> 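Sending over a structure as structure tokens; questions will come in a sec.
What you see is a predicted model; the values in this text were computed from it and never measured. Residue numbers run from 1 in the order of the sequence given.
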Amino acid sequence: MSLLITTDCINCDMCELVCPNNAIFPGEEVYVINHDLCNECIGVFPHPQCQQVCPVACIVQP
Ligand code: SF4
Ligand code: SF4
């Protein structure tokens with residue numbers, strides 16, 4: 001499973017820096033998660049790192 005970034009994203013770059021799988025990249029309007037690369041941080045961190053750092057809580061379960 002992969003998480004999803006909503007249009008509430010403010011393009012702060014924080015999530016891109018912490019993703020262990022380099023699954024997050026800038027999209028045309030907001031940041032985007034590559035669903036093939038995101039594994040929700042399972043087995044690496046107890047919580048999804050991107051959700052931990054996002055200041056506007058716009059990373060959600062699809
Ligand atoms: S949940 Fe983890 S692997 Fe998925 S995008 Fe966020 S930081 Fe990257
Ligand atoms: S941390 Fe949140 S607001 Fe910042 S770029 Fe990522 S999704 Fe957007």
> Within the structure provided, determine whether C38 and N21 are in side-chain contact (heavy-atom separation under 4.5 Å).
no
> In the hydrophobic clustering (ILVMFWY, side-chain contacts below 4.5 Å, transitive), which residues join L3, or is it alone?
I5, I24, Y31, I33, I59
> Could you measure the distance from the CD atom of Q52 to the SG atom of C15? Nearest 0.5 Å is fine.
13.0 Å
> About how many Å separate NE2 of H35 and CG of L4, when rounded to the nearest 0.5 Å?
5.5 Å
> Between V44, L17, V18, which is the residue that forms a side chain to side chain contact (heavy atoms under 4.5 Å, CB included) with Q49?
V18
> Taking side-chain contact (heavy atoms from CB on, under 4.5 Å) as the test, write out the residues that go with D8, two or more places apart.
T6, C58
> Would you say N22 and E16 make side-chain contact, with heavy atoms under 4.5 Å?
no
> Which heavy-atom pair separates S2 from E40 by the least distance, and what is that distance?
N-OE2, 3.6 Å
